[in-house]
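The block underneath contains the structure these notes are about, expressed in structure tokens.
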Amino acid sequence: GVPWSRGTSSIVRRRRRALFQALTDPSTNPARLQKLREKAARPGNDLLRYIAETRVARVQTQEDRKKLWYDLRYNRYAPLFLGQIKPRMK
């Protein structure tokens, strides 16, 4: 294969190819060009870091699902109001 395509997946190569073909074709609709540009865009480092930190699209274990269901089903604590919070006793 081509050396620059070693680390890219086939869907990414296909999207880039579609974008470059559309850019060379003068009859392409500008809205389609915009859509192809968005599909071929690479996520930035800050977005990738956010996805990793917030566990977006991460596989959930059965334990995680049970904990989430329990947290949503039962309110563990009464709501805290600012006047009720007391400083820790030393």
Side-chain angles (χ1 to χ4, degrees):
V2 185
W4 54 262
S5 69
R6 187 179 322 194
T8 55
S9 64
S10 61
I11 185 70
V12 170
R13 286 196 302 269
R14 203 175 307 136
R15 283 179 179 162
R16 287 183 194 157
R17 183 168 178 241
L19 172 63
F20 290 128
Q21 281 182 343
L23 285 171
T24 56
D25 184 10
S27 65
T28 306
N29 191 344
R32 175 157 173 75
L33 273 178
Q34 179 65 27
K35 193 173 187 180
L36 288 171
R37 265 195 206 97
E38 290 170 359
K39 280 188 170 185
R42 298 176 194 154
N45 286 339
D46 52 348
L47 179 62
L48 290 173
R49 187 179 298 114
Y50 170 78
I51 289 172
E53 287 172 355
T54 55
R55 298 175 56 92
V56 173
R58 184 79 50 92
V59 176
Q60 259 192 341
T61 62
Q62 193 171 7
E63 183 181 341
D64 290 340
R65 283 201 308 267
K66 284 182 179 179
K67 184 179 180 305
L68 179 65
W69 176 84
Y70 188 85
D71 289 346
L72 294 174
R73 175 77 171 78
Y74 302 107
N75 290 332
R76 286 195 190 166
Y77 308 107
L80 284 177
F81 298 101
L82 289 176
Q84 294 177 343
I85 300 174
K86 296 188 174 100
R88 281 182 193 233
M89 297 180 70
K90 293 182 179 179

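Given the structure is predicted, the values throughout are model-derived calculations rather than measurements. All values below were derived from every heavy atom in this structure, side-chain atoms included, with hydrogens, water molecules and symmetry-related copies excluded.
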Quick check for you: to the nearest 0.5 Å, what is the distance between Arg15 atom CZ and Ser9 atom OG?
8.0 Å
Test side-chain contact (heavy atoms from CB on, under 4.5 Å) applied to Gln62 - qualifying residues, sequence neighbours left out
Arg65, Lys66
State which residues pass side-chain contact (heavy atoms from CB on, under 4.5 Å) with Thr24; sequence neighbours excluded, sorted by chain then number.
none
Side chains of residues 28-39: which donor-acceptor partners sit under 3.5 Å, not counting sequence neighbours?
unit_1	atom_1	unit_2	atom_2	d
Thr28	OG1	Ala22	O	3.0
Thr28	OG1	Asp25	O	3.1
Asn29	OD1	Ala31	N	3.3
Gln34	NE2	Glu38	OE2	3.1

Side-chain hydrophobic cluster, 4.5 Å single linkage: members besides Ile11:
Val12
